Each structure stands twice: as structure tokens, then as C-alpha cells.
Protein chains: 2
Amino acid sequence: MRIGELSKRSGVPARMLRYYEEQGLVTPRRLDNGYRSYDEHLVDRVGKIRGLIDAGISTRIIGDILPCLDRPQTIVVTDPHPELREVLLQERDRMTQKIDILVQNRDSITRYIKAMDSALGVVAEKTAS
Amino acid sequence: MRIGELSKRSGVPARMLRYYEEQGLVTPRRLDNGYRSYDEHLVDRVGKIRGLIDAGISTRIIGDILPCLDRPQTIVVTDPHPELREVLLQERDRMTQKIDILVQNRDSITRYIKAMDSALGVVAEKTAS
DNA sequence: CTGAACCCTTCCATTAGTGTGAAGGTCAAT
DNA sequence: ATTGACCTTCACACTAATGGAAGGGTTCAG
């Protein structure tokens, strides 16, 4: 498919798709006229990229971990240099840390909302009486 | 305490502490000489801010949710306008979404690492034989 | 008193991720 | 053959987060 369709289907502006290409995250083939041609599985890929960027992962990091994200992963394991493993462990830990912080703060927000609600509940009871 | 000590204790550059102030996330008192004076509980606060920024939450959003994050929250609930509740719900959902994406991708990384390890394990067995 | 180590404010620079627009090529349909 | 929708590259600009320097006070220790 061409860039417009991918843009529509993934919800990502064409501008950004070109940017991701520039950053080495997607490398579409080119048609004879120079148009980019994406194949099907890149829809998912782009979705993943967007999610990760929204979650505060930089394109550089995403580039590092992308090989792990394409199913099935069992094919790509033929890379026995130990650098990669370290990078992945480190990035996994960073993600875990972000997750913990987000969970913790989200729960604080949830508690706060509940507190608001019960406070308003009291008010409602009083005004109803 | 003054900015240098807070910087050391929180691990956040003084430059950034001034920036957070500019964004309305912390408002230290001022000494007679104009120096910023932070009190104890801001150490935690700054830590939280850093965590959230690292997790991809913008200072604008952080400003919105900060009131929920200071323990104990029960004091601050005296704000019965319904706008805030919507904002909080929305932000909580965004955080949940980020969490889901991070968890999912972290698990992919973990699986990939395991696959690498078992592949290398096979190699090790072969070379050992 | 002087120097070191703080602190202040005010700029300017950089990077990443975006938005937007110009100037032009391709292509299908009228 | 022209129109309109799509594509190309290039470029300029914006925001958020951050780094850093310049120029100038304050405090304290020697």
C-alpha cells in the first residue's frame, strides 16, 4: 500500500511515517515512480512505534528493540553477539521502571477520584436532605 | 534547603528545578537574599516529577495531576467543580494505556532474551561436545 | 580582604517530535 | 489535455526538555 493508505489505517500522519523511515524504523520499498510501498505487516509495526513513542520511548531506543517486537521472534535470534543482550536487558529494566512509576501514580489518581466522589456524595446527601 | 542541596538529594540538576518552577510544578519560598528555599517534602515531589517526565508525561499534565499526588490527599478534595474529575479520568486512562503498551513490549523483549539465551545454550552445548 | 563556592537572572543552543507549506512529478478520470 | 488526488523532496518553524554561558550578588573561611 502507499503512504496515504497506511496513514489512514494506522492513524499516523504521512509526515510521521516519512520521519520514522528517516529514523530507520520502517523501510518501505519504492515503486517505479518513487512512491513508497508498505506491506501489510507494517501496519502493526507502525502502530507499535506510535504506542512506544507516546509512552515516552525515543525512536533511537525503539530502533534498538524493534527486532524483538516482530512476531515470530524465533527466526531472528541468529545474532550471537553479547552487546545486544545487554542493551535489551537494560531497556527492559527501564521500561519496568516506567511501568512502576505510571502504575503508582495512576493509582494515586484513582484514589483521589474516589475521594472526590465520596466527598461529593456527602454533599449530595446533605443538599438532598 | 537551597537549590543546590535539593539538586544533590533529588539527583535533578538545578537548572531543571528552576524549569519546574517556571512550569508551576514547584514554588519554593524565597530567602531575603532572593535564594530559593525548598522545604523537605519537595524532595519527594521533585522525585515524582522526574519519574513522570521520564515516563513520558509532560509538565503540563503533571501540573494537572500534581494535587492528587501529595499525601494525604484527603485534605485537598474540597474542589467540587466537575471539570477536574474529567481531566483526571482522562489522564488516568491515558496512563493505563501507556502501561499496557509498555508491559506488552517489555514482555516481548523478555521473551526475545529468553529465546536468545536458549539459542546460545544450544550453541554452548554443541561447542562443549 | 580576598577567593571559593554558592546563588541569582537572562540569554542562546540543541534535540526530538511534529506541523505546514512550497514546488514539482504521477496518474486516473473526465 | 486538463483537473484533482496523490506522491516526491526540501525547508522553515514550533514546542518541550535540557544544557550552558555571561554577568553579577552572597556567604564564609582563611
Side-chain angles (χ1 to χ4, degrees), chain A residues 1-39 42-43 45-66 91 94-95 97-98 101-102, chain B residues 1-39 42-43 45-66 91 94-95 97-98 101-102:
Chain A
M1 85 199 68
R2 287 174 303 170
I3 202 172
E5 190 184 343
L6 177 57
S7 174
K8 252 168 231 155
R9 289 181 51 188
S10 64
V12 177
R15 171 68 175 86
M16 285 300 102
L17 295 175
R18 299 198 185 94
Y19 177 67
Y20 299 157
E21 179 177 356
E22 190 182 307
Q23 303 303 309
L25 305 184
V26 282
T27 38
R29 280 171 290 103
R30 294 299 182 126
L31 303 176
D32 293 352
N33 52 14
Y35 289 10
R36 290 167 179 82
S37 171
Y38 300 86
D39 44 64
L42 291 181
V43 180
R45 177 121 154 190
V46 168
K48 246 169 215 167
I49 294 173
R50 268 261 41 105
L52 287 168
I53 286 185
D54 285 346
I57 311 288
S58 72
T59 53
R60 210 212 102 255
I61 305 288
I62 295 175
D64 288 349
I65 67 179
L66 256 190
E91 226 40 63
R94 276 205 231 286
M95 290 176 86
Q97 198 177 326
K98 288 187 186 190
I101 286 169
L102 287 173
Chain B
M1 81 201 71
R2 287 176 304 172
I3 201 171
E5 190 185 342
L6 177 57
S7 173
K8 251 168 232 154
R9 288 180 52 189
S10 65
V12 176
R15 172 72 176 82
M16 283 299 102
L17 295 176
R18 300 198 186 95
Y19 176 67
Y20 299 157
E21 179 178 357
E22 191 182 307
Q23 303 303 308
L25 305 183
V26 282
T27 38
R29 277 170 294 103
R30 294 299 183 126
L31 302 176
D32 292 351
N33 53 14
Y35 289 12
R36 290 168 178 82
S37 172
Y38 301 86
D39 44 63
L42 290 181
V43 179
R45 176 121 153 189
V46 169
K48 245 170 217 168
I49 293 173
R50 268 262 41 103
L52 286 167
I53 286 185
D54 285 345
I57 311 287
S58 71
T59 53
R60 211 212 105 253
I61 305 289
I62 296 176
D64 287 349
I65 66 178
L66 256 191
E91 227 41 63
R94 276 205 231 285
M95 290 175 86
Q97 198 178 326
K98 287 187 186 188
I101 286 169
L102 287 173

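So you know, we letter chains A, B, ... as the sequences are listed, proteins then strands, and number each from 1. Model, not experiment: these values are computed from the prediction. Computed over heavy atoms, backbone and side chain alike; hydrogens, waters and symmetry mates excluded.
The residue among A/Y19 and A/D32 whose nearest nucleotide of DNA chain C lies closer to the 5′ end is A/Y19. Comparing B/T59 and B/N33 along DNA chain D, the residue whose closest nucleotide (by nearest heavy atom) sits nearer the 5' end is B/T59.
Taking the side chain to side chain contact (heavy atoms under 4.5 Å, CB included) definition, one finds that A/T27 meets it with nothing, sequence neighbours left out. By the salt bridge (Lys or Arg N to Asp or Glu O under 4.0 Å) test, A/R50 pairs with A/D54, sequence neighbours left out. The salt bridge (Lys or Arg N to Asp or Glu O under 4.0 Å) search around B/R94 returns B/E91, not counting sequence neighbours. Residues that satisfy the side-chain hydrogen bond (donor to acceptor under 3.5 Å, both in side chains) test with B/R60, not counting sequence neighbours, are B/D64. A/D32 is linked by a side chain to side chain contact (heavy atoms under 4.5 Å, CB included) to nothing, counting only residues two or more places apart in sequence or in another chain. Every side chain to side chain contact (heavy atoms under 4.5 Å, CB included) that B/L25 has, sequence neighbours left out, goes to B/Y20, B/Q23, B/I49, B/T59, B/I62, B/L66. Residues meeting the side-chain hydrogen bond (donor to acceptor under 3.5 Å, both in side chains) test with A/D39, sequence neighbours left out: A/R29, A/H41.
Note that the first and last nucleotides of DNA chain C, 5' to 3', having any atom under 4.0 angstrom from a heavy atom of chain B are C/dC6 to C/dT9.
Residues from residues 46-54 of chain B placing a heavy atom under 4.0 Å of any atom in DNA chain C do not occur.
In plain terms, the two heavy atoms of A/K98 and A/G56 that are nearest each other are NZ-O, 2.9 Å. Across all non-hydrogen atoms, the minimal contact from B/M95 to B/L52 is CE-CD2, 4.1 Å. Heavy-atom minimum distance, A/R2 versus A/Y38: C-CD1, 4.1 Å. Listed here is the closest heavy atom pair of A/G51 and B/I101: CA-CD1, 3.6 Å.
Across all strands shown, A/L31 has no heavy atoms under 4.0 Å from either base or sugar-phosphate atoms. A/R18 comes within 4.0 angstrom of a base, heavy atoms only.
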Got a list of protein N/O to nucleotides 11-13 of chain D N/O distances below 3.5 Å?
none

Output a table of nitrogen or oxygen pairs between the protein and nucleotides 23-25 of chain D separated by less than 3.5 Å.
unit_1: D/dG25; atom_1: N2; unit_2: B/Y35; atom_2: OH; d: 2.7

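Counting to the nearest Å, the C1' atom of D/dT26 and the CZ atom of B/R36 are 15 Å from each other. Rounded to an integer number of Å, the gap from A/E5 CD to D/dC7 C1' is 14 Å. Between B/Y20 atom OH and D/dA16 atom C1' the separation is 11 Å, expressed in whole Å. Rounded to an integer number of Å, the gap from A/L6 CG to D/dC7 P is 10 Å. Rounded to whole Å, the distance from CZ on A/R30 to C1' on D/dC7 is 10 Å.
Remark: B/E5 CD is packed, more than 12 non-hydrogen atoms of other residues, nucleotides or ligands lying under 6.0 Å away.
In this structure, the side chains of B/M1 and B/V43 come closer than 4.5 Å at one or more pairs of heavy atoms.
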Quiz: residues 6-14 of chain A side-chain donor-acceptor pairs under 3.5 angstrom, not counting sequence neighbours:
unit_1: A/S7; atom_1: OG; unit_2: A/V12; atom_2: O; d: 2.8
unit_1: A/R9; atom_1: NH1; unit_2: A/E40; atom_2: OE2; d: 3.3
unit_1: A/R9; atom_1: NH2; unit_2: A/E40; atom_2: OE2; d: 2.5
unit_1: A/S10; atom_1: OG; unit_2: A/L6; atom_2: O; d: 2.6
unit_1: A/S10; atom_1: OG; unit_2: A/V12; atom_2: N; d: 3.3

